[in-house]
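Computed from a prediction, not measured in an experiment: that's the story for all the values here. Remember, it's 1-based here, ligands and their atoms both numbered in the order they're listed. Counting from 1, the numbers follow the sequence of the chain as shown.
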Amino acid sequence: MFDRIEEHEQVLFCNDADTGLKAIIAIHNTTLGPALGGCRMRPYETVDDAIEDVLRLSKGMTYKCAAADVDFGGGKAVIIGDPLKDRTPELFRAFGQFVESLNGRFYTGTDMGTTPDNFVHSLRESSCIVGVPEEYGGSGDSSIPTAKGVLYGIQATNKTVFESEEFGGRTYAIQGLGKVGFKVAEMLLENGGDLVVSDINRHAIDRLIQRAIELNRGVKVVSGDEIYEAEADVFVPCALGGVINDQTIHKLKVRAVVGSANNQLLTTDHGDQLNERGILYAPDYIVNSGGLIQVSDELYSPNPMRVLQKTKAIYDTLFTIFEQADAHSISTIKAANLFCEQRIESRKRRNSFFAHKKPGKWTVRS
Ligand SMILES: NC(=O)C1=CN([C@@H]2O[C@H](COP(=O)(O)OP(=O)(O)OC[C@H]3O[C@@H](n4cnc5c(N)ncnc54)[C@H](O)[C@@H]3O)[C@@H](O)[C@H]2O)C=CC1
Ligand SMILES: O=C(O)CCC(=O)C(=O)O
């Protein structure tokens, strides 16, 4: 196990027989601050799959925090269970108790399979819960800034590939129409984009079709694997990770990949392969950092305008990464990783300098 967790600082297995909670919390790196990352719920086939997912996701958060320049480090949690059946208040309370046991080393909120309402129950047990509804003192649904960030990412990518940041006149293949994907799809439709979409949940598809009718637009629905070979300009993965892999990469007909899904590339090599195929990859953890930007901003008094301003920076950060990749003839994911690793390294000195006791620095809610 120690070989497997490599550079991760801590992995906590949480087991509560009464509520059926089986969760894993992984803290990857706390150089920049306490770990922060959402909690995913999935009916993982094996515990091994859950471990793999939480290790990859928490590492991604370390890079995401560095890219977004926030005072948090990388962590993430996964709950092994079916979001359609197992999301009981008791289970989320038990989860909150485990989060609290980490004594401020880990902050969490929503991710795939969970909603802000679920964490209202965790909040009864822990002060380290972010992104709960405004009426509970949180910053609310973090998928809203995440989706806006994806739109900024698409603009920057369109400008680089098509020399115009306009959304209209282009076709987007969106995989996953959940909290983030639906909002992205809706905004693209509103701005003249054409859509090819897929989701394993029929209800999610029907909801988008309904919205398209309201907007006097149409959407093309494809099933499962067909999304990879869709005739589109941009692939927008908004569901699971690892979707750019040996089986899918040769199917892509798009000129760019920009989406919210965490860990879209199965390996860094797949970033090189996209590069070789002339497909511009906008690194996931930069594009999807809007939610992190919002929840990390809970350190300060609420200000949605400030969050929007910080989310807009995704556009500029992407240009910096595209330029660095170009200048050094490396893939965009390698350029992004280097950018983040240098930022973490430069902060080590700052964070090791003892100034004075700052009890409030990471107090999200007193
Ligand atoms: N919620 C947020 O603010 C953030 C989400 N992300 C990432 O974005 C992705 C989506 O997150 P959410 O929208 O919050 O999740 P969600 O659980 O609300 O939605 C996911 C959607 O993907 C669909 N889906 C699952 N497997 C699929 C497949 N094989 N093909 C097509 N559709 C499939 C589900 O049916 C669901 O509609 C995840 O990878 C998540 O980690 C990243 C940053 C922040
Ligand atoms: O969006 C959130 O609530 C936290 C950030 C996160 O987990 C993510 O960006 O994947």
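The protein heavy atom nearest to atom 3 (O) of ligand 1 is T146 OG1, 2.8 Å. In terms of protein heavy-atom proximity, atom 29 (N) of ligand 1 is closest to I200 CG2, 4.1 Å. Closest protein heavy atom to atom 43 (C) of ligand 1: N288 O, 3.5 Å. Of the protein's heavy atoms, A239 O, 2.6 Å lies nearest to atom 39 (O) of ligand 1. The nearest protein atom to atom 17 (O) of ligand 1, hydrogens excluded, is given as G113 N, 3.0 Å; this is a heavy-atom distance. Counting only heavy atoms of the protein, atom 7 (C) of ligand 1 lies nearest to S260 O, 3.2 Å. Ranking the protein heavy atoms by distance from atom 19 (O) of ligand 1 puts G178 CA, 3.2 Å first. Scanning all protein heavy atoms for the shortest distance to atom 12 (P) of ligand 1 gives K179 NZ, 3.8 Å.
Look at K183 and E186 and you find no salt bridge, because none of the NZ, NE, NH1 or NH2 atoms lies under 4.0 Å from a carboxylate O. A salt bridge is defined here as a Lys NZ or Arg NE, NH1 or NH2 lying under 4.0 Å from an Asp or Glu carboxylate O, and K334 with D272 meets this definition. A salt bridge does not link E6 with K59: none of the charged nitrogens is closer than 4.0 Å to a carboxylate oxygen. Using a 4.0 Å cut-off between charged side-chain N and carboxylate O, D71 and R347 make no salt bridge.
Nearest to atom 11 (O) of ligand 1 by heavy-atom distance, out of L84, V180, T115, is V180. Closest heavy-atom approach to atom 36 (C) of ligand 1 within the set N201, D199, V295, I144: this belongs to D199.
C238 counts as a contact of ligand 1, since one of its heavy atoms falls under 4.0 Å from the ligand.
In this view, F339 satisfies the ring-ring contact (aromatic ring centres under 6.0 Å, His included) rule with no residue, not counting sequence neighbours. Remark: H8 engages H28 in a ring-ring contact (aromatic ring centres under 6.0 Å, His included) (not counting sequence neighbours). Residues that satisfy the ring-ring contact (aromatic ring centres under 6.0 Å, His included) test with F95, not counting sequence neighbours, are absent from this structure.
Residue S289 does not touch ligand 1, judged by heavy-atom distances below 4.0 Å.
Of all the heavy atoms in A282 and T157, the pair that sits closest is CB-OG1, 3.7 Å. The shortest heavy-atom contact between S143 and V180 is CB-CG2, 3.8 Å.
Of the N and O atoms on the side chains of N29 and T31, at least one donor lies less than 3.5 Å from an acceptor on the other residue.
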Between ligand 2 and the protein, give all atom pairs where both partners are nitrogen or oxygen and the distance is under 3.5 Å, as lines of names plus distance to 0.1 Å.
| unit_1 | atom_1 | unit_2 | atom_2 | d |
| --- | --- | --- | --- | --- |
| ligand 2 | 1 (O) | S142 | OG | 3.2 |
| ligand 2 | 3 (O) | S142 | OG | 3.1 |
| ligand 2 | 7 (O) | G38 | N | 2.6 |
| ligand 2 | 7 (O) | K76 | NZ | 2.7 |
| ligand 2 | 9 (O) | K64 | NZ | 2.6 |
| ligand 2 | 10 (O) | K64 | NZ | 3.0 |
| ligand 2 | 10 (O) | K76 | NZ | 2.5 |
| ligand 2 | 10 (O) | N262 | ND2 | 3.1 |

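Within a 6.0 Å radius of CD in E7, other residues, nucleotides and ligands contribute more than 12 heavy atoms.
Under the side chain to side chain donor-acceptor pair (under 3.5 Å) test applied with E345, the options R343, K348, Q342 reduce to a single match, K348.
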